[in-house]
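Single-structure report; data block below.
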Amino acid sequence: MSGRELILLILQLLGGLALFIFAIRLMTSSLNAAAGPALRRGIHVATRGPWRGLALGTTLGFLLHSGAATCLFVGFLNAGLLTLIQAIGPIVGANLGTTLSMQLVSFKMGDFFYVPIILGAALSLLAPRRPYEQAGTALVGFGLLFLGMGMMSGAVAPHRDFFTPWLASSRDPGLSSQLLAIGIGAFATFAIQSSGATLGILFALSDAGIFHQLDQIFPLVLGAHIGTCTTALMGSMGTSITARRGAVAHLMFNILTTAICLAIAPWLLKVVAASAVGLTRQTANLHTAIMLVGAVWALPLRTPLARLVECITPSKSPAPDSSFLH
């Protein structure tokens, strides 16, 4: 590859990634504005039991992605609208909801990216009032997701032989190589502040033929789950101890889920590989399966998880006063 080709490739990759991240942020802010006070009223649901909290978190994670949704719950904790134990269900749901939104992205809809863009633009122009205008903008963002992913895939495909050696670490079944790949996935997600964008990159690399097997992608997906926790951790700075514990609970949930999935990897990968034909669809199913494993253990054990977080983050500061919702 010549220097000019390398520069053009980097520009195409960065351009596609920038468009993908911009689309995610556009969808998040538009849906947040469209929902308005309904998001805060929805906190009533989360106070009625862990399964209702899971449903609320899944819905918001699907719409806003886990980083933004978890920051929302950290804000609720800071305001005293939730206790730490009550927040665990919504936090788990936010992670699960993000995987469901990425299921949509994984379908081969790239050739039709213009459809939601046209519909969204028309809705924004013909009904320029909240919430319709924001809903239209979110549709435009949804279409731009596929455009950005297509740009990345198209840029990489002609140079798959160049990229393959750089990803060799995720192909080694050894634990040290797996941990290294998890670290790479976590750092990439931290750098771009979006697990959805990391998954979009993995989808694009799969479509381009860089990855050939699910076990090559597995540790990178695990790393993305850990890396996305940095959004809430940074968002909790300067807040109450309960809010900071909520962010730490998010991190501990993903670390423990990663450890469990590594332990059951042979069975998990076998089930996921049988769930779909294409590697991109298998990756999306793996993303969801990991969070289902997390939900299975975390909801019944939410009280011990909360106690573990309190031991990790001791504090003499008082928790915020409970709101009228309690």
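Remember, predicted model here, so these are calculated numbers, not experimental data. Residue numbers start at 1 and run along the sequence shown.
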How far does [atom1] of [X] sit from [atom2] of [Y], to the nearest 0.5 angstrom?
{"X": "Ile91", "Y": "Phe253", "atom1": "CD1", "atom2": "CZ", "value": "9.5 Å"}
{"X": "Thr258", "Y": "Ile226", "atom1": "OG1", "atom2": "CD1", "value": "3.5 Å"}
{"X": "Ile255", "Y": "Leu222", "atom1": "CD1", "atom2": "CG", "value": "12.0 Å"}
{"X": "Leu279", "Y": "Arg281", "atom1": "CG", "atom2": "CZ", "value": "11.5 Å"}
{"X": "Leu96", "Y": "Thr99", "atom1": "CG", "atom2": "OG1", "value": "4.5 Å"}
{"X": "His287", "Y": "Leu100", "atom1": "NE2", "atom2": "CG", "value": "9.5 Å"}

For the pair [X] (side chain) and [Y] (backbone), establish whether a donor and an acceptor sit closer than 3.5 Å, ignoring hydrogens and angles.
{"X": "Thr242", "Y": "Asn78", "answer": "no"}
{"X": "Ser124", "Y": "Ala121", "answer": "no"}
{"X": "Ser206", "Y": "Leu202", "answer": "yes"}
{"X": "Gln282", "Y": "Val272", "answer": "no"}

Are any non-hydrogen side-chain atoms of [X] and [Y] less than 4.5 angstrom apart?
{"X": "Arg244", "Y": "Thr313", "result": "no"}
{"X": "Leu199", "Y": "Phe203", "result": "yes"}
{"X": "His225", "Y": "Thr257", "result": "no"}
{"X": "Met102", "Y": "Thr288", "result": "no"}
{"X": "Leu233", "Y": "Phe190", "result": "no"}
{"X": "Thr283", "Y": "Phe211", "result": "no"}

Considering non-hydrogen atoms only, spot the tightest contact between [X] and [Y] and give its length.
{"X": "Asn285", "Y": "Ala276", "value": "ND2-CB, 3.6 Å"}
{"X": "Leu77", "Y": "Gly246", "value": "CD1-CA, 3.6 Å"}
{"X": "Phe73", "Y": "Ala94", "value": "CE1-CB, 4.3 Å"}
{"X": "Ser101", "Y": "Thr98", "value": "OG-O, 2.7 Å"}
{"X": "Thr83", "Y": "Gln86", "value": "N-OE1, 3.0 Å"}
{"X": "Ala306", "Y": "Ile85", "value": "CB-CG1, 3.6 Å"}

Derivation of the side chain to side chain contact (heavy atoms under 4.5 Å, CB included) call for His250 and Asn95: CA-CA 9 Å; His250 185 210; Asn95 286 268; 3.2 Å; yes
Step-by-step side-chain hydrogen bond (donor to acceptor under 3.5 Å, both in side chains) determination, Thr189 to Thr198: CA-CA 6 Å; Thr189 305; Thr198 302; 2.8 Å; yes
Please walk me through it: do Asn254 and Met291 pass side chain to side chain contact (heavy atoms under 4.5 Å, CB included)? CA-CA 9 Å; Asn254 280 290; Met291 284 299 101; 3.6 Å; yes
Please check if [X] and [Y] belong to a single hydrophobic cluster, counting links between Ile, Leu, Val, Met, Phe, Trp and Tyr side chain heavy atoms closer than 4.5 Å.
{"X": "Leu144", "Y": "Leu125", "answer": "no"}
{"X": "Leu292", "Y": "Val221", "answer": "yes"}
{"X": "Leu119", "Y": "Leu126", "answer": "no"}
{"X": "Ile290", "Y": "Val271", "answer": "no"}
{"X": "Val74", "Y": "Val248", "answer": "no"}

